[in-house]
Number of protein chains: 2
Amino acid sequence: MQKGRPREFCKEQVLDKALHVFWERGYEGTSLSDLTEAMGINRPSLYAAFGNKEELFRQALDRYAEKGPGAVYREALAEPTAKAVVERLLKSSADCLTDPANPPGCLAVQGALSCGDAAESIKQELCQRRARVEQELRLRFERAKAEGDLGRKSEPESLARYVMTVMQGMSVQAAGGASRADLHAVADMALRGLAAAES
Amino acid sequence: MQKGRPREFCKEQVLDKALHVFWERGYEGTSLSDLTEAMGINRPSLYAAFGNKEELFRQALDRYAEKGPGAVYREALAEPTAKAVVERLLKSSADCLTDPANPPGCLAVQGALSCGDAAESIKQELCQRRARVEQELRLRFERAKAEGDLGRKSEPESLARYVMTVMQGMSVQAAGGASRADLHAVADMALRGLAAAES
DNA sequence: CTATATATGTACTGAACGGTACCGATATAG
DNA sequence: CTATATCGGTACCGTTCAGTACATATATAG
């Protein structure tokens with residue numbers, strides 16, 4: 001057992017609260033007072049448990065990527081065909097981005113799309129995460145091409161970038177108030193276009 | 001002639017400087033010190049000429065919409081066919097969003113995608129502007145449908161939302177460092193999909 | 001000229017920011 | 001029990017924020 005006085009809150013639980021605030025207001029738009037209020041702990045406890053605002057954001061982002069929408073995206077990549085991957089990806093995105101339990105949109109997009117100097121490294125981190133997802137998608141399409149699942153003329157890199165672009169656009173739409181049905185219509189249209197272009 | 005001491009700077013010129021800063025750092029990420037430094041004027045001059053930070057942003061946004069990328073978008077709407085409109089829109093977006101003379105991305109997207117309470121009304125304003133553009137695009141497609149330029153089964157509303165989604169996604173891509181060629185590839189893929197789905 | 005009106009520059013305001021020193025409380029280790 | 005280590009709460013730190021008071025400078029109106 002650990003020495004000292006035990007912590008009186010559940011770290012994961014308050015981290016989820018912090019995630020929710022960052023998701024809603026972005027990194028710069030979130031103040032420490034917003035965080036402590038939502039998390040139900042006071043400032044020194046936050047610093048003791050999570051380091052500082054930036055480290056807290058990174059931990060919230062990790063949680064977002066592991067337990068949140070990131071998990072859904074990993075499931076999509078496991079679909080057996082490229083077409084199924086894209087369909088699952090776009091459909092799940094439409095659901096995720098408009099899940100009433102969460103703020104609308106995607107943390108990796110709206111967490112710090114543009115910002116002042118203080119948040120620059122957070123912005124970079126989010127860019128890298130988005131780029132990593134795009135690359136994993138590209139690798140998945142390259143595999144599909146090698147397996148004959150995608151045509152010989154297909155371009156995995158462009159395809160991955162295109163799908164990411166649609167998803168990121170959907171995230172902006174969601175942040176702007178688009179409904180779940182709206183986003184599903186967008187996903188359907190993108191899928192129809194891809195299917196038609198492929199044939 | 002006007003009484004009093006004349007202003008020593010060109011209002012439009014320093015407004016362009018402010019626009020550039022807001023474009024790069026977003027509304028919340030931009031401080032008054034950033035603004036005065038870039039504009040080359042001091043604080044009271046800024047307040048005398050533009051009101052306050054929020055009004056300055058709105059004036060910069062108006063300028064963005066009139067003289068900047070907004071003008072390009074209006075030209076696109078004037079193309080004779082729906083297909084030409086979309087093509088021009090996506091191609092111009094690819095160019096605009098990566099114009100080396102400007103910060104990458106779109107002010108209406110990254111100006112305040114998510115934010116704290118203080119910037120809430122700015123966020124709303126940007127949402128409305130994006131929605132207005134989408135509606136104008138929808139109206140253009142409805143006209144095209146009425147003219148027989150678009151098929152009877154086409155859905156102007158979904159089409160407009162889809163094109164906006166791709167453009168907004170391209171804006172996120174640009175903010176993340178995508179090159180002009182990258183975005184043109186995205187535009188081409190979207191156009192191919194639309195053409196194929198239409199036929 | 002004087003009177004008036006507007007612009008500029010310095011230096012400031014109160015509030016909010018992120019972050020911390022410090023002390024009392026509460027656990028384990030021996 | 002005492003010693004030690006961590007937690008929680010108050011009250012604070014220096015800095016930066018958006019916004020402004022005020023004195024000075026420079027124009028026009030008469």
Quickly work out the A/Glu37 CD to D/dG9 C1' distance and round it to whole Å. 17 Å
If I take atom CZ in residue A/Phe50 and atom P in nucleotide D/dC7, what distance separates them, rounded to the nearest angstrom? 11 Å
Kindly give the atom pairs (protein nitrogen or oxygen, nucleotide nitrogen or oxygen) under 3.5 Å for nucleotides 20-28 of chain C.
from	atom 1	to	atom 2	distance (Å)
C/dA25	N3	A/Arg5	NH1	3.1

Show which side-chain atoms of residues 76-84 of chain A pair as donor or acceptor with protein atoms under 3.5 Å away, not counting sequence neighbours.
from	atom 1	to	atom 2	distance (Å)
A/Glu79	OE2	A/Arg88	NH1	2.4
A/Thr81	OG1	A/Ala84	N	3.0

Report the residues that fulfil side-chain contact (heavy atoms from CB on, under 4.5 Å) with B/Pro69, sequence neighbours left out, ordered by chain and then residue number. B/Trp23, B/Tyr64, B/Cys96
Strictly below 4.0 Å, heavy-atom distances to any atom of DNA chain D: list the hits from residues 118-128 of chain B, or just say none. none
Apart from B/Val172 itself, residues in the same hydrophobic cluster as defined by side-chain heavy atoms under 4.5 Å: A/Val109, A/Leu113, A/Val172, B/Val109, B/Leu113
Residue pairs passing the salt bridge (charged side-chain N to carboxylate O under 4.0 Å, His left out) test with at least one member in residues 18-34 of chain B, sequence neighbours excluded, are A/Asp117-B/Arg25, B/Arg25-B/Asp34
For the pair B/Gln110 (side chain) and B/Pro104 (backbone), establish whether a donor and an acceptor sit closer than 3.5 Å, ignoring hydrogens and angles. yes
Any chance you could pull the hydrophobic cluster mates of B/Val72, using side-chain heavy atoms under 4.5 angstrom and chaining through other members? none
Write down the distance between CE (A/Met39) and P (C/dG18), rounded to a whole number of angstrom. 13 Å
Rest of the hydrophobic cluster containing A/Leu139 (Ile/Leu/Val/Met/Phe/Trp/Tyr, side-chain heavy atoms under 4.5 Å)? none
Atom-to-atom span, CG of A/Leu32 to P of D/dC17 - whole angstrom: 16 Å
Separation of C/dG19 atom P from A/Glu54 atom CD, nearest Å, is 9 Å
Residues two or more places apart in sequence or in another chain: which of them pass side-chain hydrogen bond (donor to acceptor under 3.5 Å, both in side chains) with B/Gln168? A/Gln173
Side chains of residues 15-22 of chain B: which donor-acceptor pairs under 3.5 Å do they make with residues two or more places apart or in other chains?
from	atom 1	to	atom 2	distance (Å)
B/Asp16	OD1	B/Arg63	NE	2.6
B/Asp16	OD2	B/Arg63	NE	3.4
B/Asp16	OD2	B/Arg63	NH2	3.1

Stretch residues 21-31 of chain B: residues that reach within less than 4.0 Å of DNA chain C through a heavy atom: none
In this structure, which one of A/Leu183, A/Val186, A/Val166 forms a side chain to side chain contact (heavy atoms under 4.5 Å, CB included) with A/Leu90? A/Val166
Residues passing the side-chain contact (heavy atoms from CB on, under 4.5 Å) test with B/Gln2, sequence neighbours excluded, are none
Can you tell me how far P of C/dT10 sits from CG of B/Leu46, to the nearest Å? 16 Å
Distance in angstrom units between A/Phe9 CZ and D/dT6 C1', rounded: 12 Å
In whole Å, what is the span from the CG atom of B/Leu56 to the C1' atom of D/dC17? 16 Å
With respect to the phosphate group of C/dG9, does any side-chain polar atom (N or O) of B/Asn42 fall under 4.0 Å of OP1 or OP2? yes
